[in-house]
Amino acid sequence: QLLSKQTKKSKMKKIILFLIAVLGLYASILGIFSLFADISVEALMPLKQGDIKTVPMQITNKSLFPVYNISFVCKSRVLINEIGGKSMGGRISPSNFVINKLSRNEPTTTGLPFTFVAGRVIAADFDYIVIYKPFWLSPFKLEKPFRFTSTSNDKGEIFLLHKSINEN
């Protein structure tokens, strides 16, 4: 009877170790795939014509798996208002903005945090940096930068286009 108790304990230990190994393998595979998260950001047309501050920004998770704790920071290179005032440099983020989870192919729309600029913003060059956790239990966050610059069309409408992060 003593031998059978030891055998049962041994079998139980093996089952527990097997379950831990399977869960660990699953978490590792999920973690590795999550590191290849594909986040995109698109600038939509301004809500107020001629004011870049009112451009909605659409963040989309194009990954196979959800991403978590999504937020963003804007690093302005140049912001010019309608009376010629310039603002250069600085990281700006909206307070208390966090999206808990973006599932596969799920978009969300945010605004720009340039409310400190007086009047309309008629020209801009800035980095839009998305900050996220690649998987739910991740102890770290990743950053993915996008750069946008303003331009106008032949109708005089101002909008934002993607620009290379490293371009002068």
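Linking ILVMFWY residues whenever their side-chain heavy atoms come closer than 4.5 Å, directly or via other members, places Ile99 and Val67 in the same cluster. In terms of hydrophobic clustering, with Ile, Leu, Val, Met, Phe, Trp and Tyr side chains grouped at heavy-atom distances under 4.5 Å, Leu112 and Ile122 are assigned to a common cluster.
Considering every non-hydrogen atom in both Phe148 and Met57, the closest pair reads CE1-CE, 3.5 Å. The nearest pair of heavy atoms linking Pro46 to Val55 is CG-CG2, 3.7 Å. The two residues Phe146 and His162 make their nearest non-hydrogen contact at CD2-CE1, 4.1 Å. Residue Ser150 comes nearest to Ala123 through the heavy atom pair OG-CA, 3.2 Å, listed as atom of the first residue, atom of the second, then distance. Listed here is the closest heavy atom pair of Asp51 and Arg120: OD1-CA, 3.5 Å.
Residues satisfying the side chain to side chain donor-acceptor pair (under 3.5 Å) criterion with Arg91, sequence neighbours excluded, are absent altogether.
Lys75 NZ: 12 or fewer foreign heavy atoms inside a 6.0 Å radius. Other residues, nucleotides and ligands place no more than 12 heavy atoms under 6.0 Å from the CD1 atom of Ile83.
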Checklist entry - Given the rule in the side chain to side chain contact (heavy atoms under 4.5 Å, CB included) test, do Ile70 and Thr108 qualify, once you have shown the distances and angles that lead to the verdict? => result CA-CA 10 Å; Ile70 302 97; Thr108 189; 5.8 Å; no

Next on the checklist: Is there a side chain to side chain contact (heavy atoms under 4.5 Å, CB included) between Lys53 and Lys48? Walk through the geometry before answering.
Outcome noted: CA-CA 9 Å; Lys53 284 192 304 192; Lys48 288 183 184 174; over 6 Å; no

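Sorted by first and then second residue, the ring-ring contact (aromatic ring centres under 6.0 Å, His included) pairs involving residues 70-91 (not counting sequence neighbours) are Phe72-Phe97, Phe72-Tyr128.
Side-chain atoms of Arg77 never come within 3.5 Å of backbone atoms of Asp125 as a donor-acceptor pair (strictly under, hydrogens ignored).
Side chains of Asn61 and Ser63: a donor-acceptor N/O pair is present below 3.5 angstrom, by distance only.
Within the 4.5 Å cutoff, the side chain of Ile16 has no heavy atoms near those of the Phe18 side chain. Using a 4.5 Å heavy-atom threshold, the side chains of Lys101 and Ser103 count as touching.
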